[in-house]
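Below is one structure, written out as structure tokens, with a few remarks after it.
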Amino acid sequence: MNPAPLLSAAACVTLAVGALAVAHRVRPVVPEGELPPEPHPVLSSIGAGLLSGFILLTGFLVATGWAARSTGIAPPRGLYLADIAAGTAVLLYPALAGLPFTPRYTTAVVFFAALVGYTMSLAVQLRP
């Protein structure tokens with residue numbers, strides 16, 4: 001069994017949950033009786049755009065990496081760096097958008113980050 005995808009998933013979970021915890025710690029305390037500030041509505045479209053870009057780039061790298069085994073034509077290495085940068089941005093986005101550090105949201109971030117890490121690892125490993 002190849003441990004690289006599991007290690008990548010664990011690293012991404014650590015990054016995402018760590019960023020969420022740090023953002024929660026740095027955020028100012030909300031006075032009792034007041035509601036915490038809501039994230040700006042534009043932040044939802046930014047997250048959707050980041051995620052769409054990451055999915056398209058990773059899907060392209062997986063498909064061309066698989067096809068490169070028979071054609072010998074591999075994507076440029078810069079695309080892999082761009083994929084890792086996009087994945088990192090997607091993992092840091094929940095913390096930057098102000099997602100609360102609660103068990104419910106942390107669990108969602110853990111599962112999401114594990115999937116991001118696993119697919120990034122798959123894209124890199126399929127490169128011939």
Side-chain angles (χ1 to χ4, degrees):
M1 183 172 146
N2 185 1
L6 298 177
L7 293 174
S8 177
C12 287
V13 165
T14 303
L15 174 67
V17 173
L20 199 61
V22 167
H24 175 73
R25 184 114 167 113
V26 173
R27 225 175 271 135
V29 178
V30 177
E32 193 169 319
E34 288 187 27
L35 294 174
E38 291 290 321
H40 195 278
V42 172
L43 286 175
S44 64
S45 63
I46 292 171
L50 281 173
L51 187 58
S52 296
F54 170 73
I55 289 170
L56 286 171
L57 185 56
T58 304
F60 171 76
L61 292 176
V62 167
T64 55
W66 185 261
R69 296 183 180 277
S70 61
T71 64
I73 302 170
R77 292 175 198 243
L79 286 179
Y80 291 95
L81 293 175
D83 187 45
I84 291 170
T88 302
V90 165
L91 293 174
L92 295 177
Y93 178 77
L96 297 174
L99 195 68
F101 189 60
T102 62
R104 175 183 176 194
Y105 292 119
T106 303
T107 302
V109 167
V110 164
F111 285 118
F112 177 71
L115 182 62
V116 167
Y118 192 87
T119 56
M120 274 197 304
S121 175
L122 176 67
V124 171
Q125 286 186 350
L126 282 175
R127 181 174 169 82

### Query
Applying side-chain hydrogen bond (donor to acceptor under 3.5 Å, both in side chains), which residue pairs with at least one partner in residues 114-128 are found, sequence neighbours left out?
Asn2-Gln125
### Message
Does anything in residues 97-111 form a side-chain hydrogen bond (donor to acceptor under 3.5 Å, both in side chains)? List the pairs, not counting sequence neighbours.
### Response
none
Closest approach of [X] and [Y], non-hydrogen atoms and distance?
X	Y	value
Pro100	Arg27	CA-NH1, 4.4 Å
Ala95	Ala23	O-CB, 3.6 Å
Gly117	Cys12	CA-SG, 3.4 Å

Shared hydrophobic cluster, [X] / [Y] (ILVMFWY, side-chain heavy atoms < 4.5 Å):
X	Y	result
Val90	Met120	yes
Leu15	Phe112	yes
Leu51	Leu91	yes
Leu61	Ile55	no

Apply side-chain contact (heavy atoms from CB on, under 4.5 Å) to [X] and list each qualifying residue two or more places apart in sequence or on a separate chain.
X	value
Ala9	Ala114
Ile46	Val42, Leu43, Leu50, Tyr93
Leu122	Val62, Leu126
Glu34	Val30, Pro31

Is [X] isolated, or which residues cluster with it under the ILVMFWY side-chain rule of less than 4.5 Å, directly or via members?
X	value
Val22	Val26
Val29	none
Leu81	none
Leu115	none

### Query
Of all residues at least two apart in sequence or in a different chain, which pass the ring-ring contact (aromatic ring centres under 6.0 Å, His included) check with Phe101?
His24
### Query
Any sub-3.5 Å donor-acceptor pair from Ser8's side-chain atoms to Ala4's backbone N or O?
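Checking the backbone N and O of Ala4 against the side chain of Ser8, no donor-acceptor pair under 3.5 Å is found.
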### Task
Nearest 0.5 Å please: distance from the CD1 atom of Ile84 over to the CG atom of Leu79.
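If I round to the nearest 0.5 Å, the distance is 11.5 Å.
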### Query
Looking at CG of Asp83 and CG of Leu56, how far apart are the two atoms once the value is rounded to the nearest 0.5 Å?
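Reported to 0.5 Å precision, the distance equals 11.0 Å.
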### Query
Could you give all pairs that pass the ring pair (Phe, Tyr, Trp, His ring centres under 6.0 Å) test and reach residues 50-87, with sequence neighbours left out?
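Pairs touching residues 50-87 that pass the test: none.
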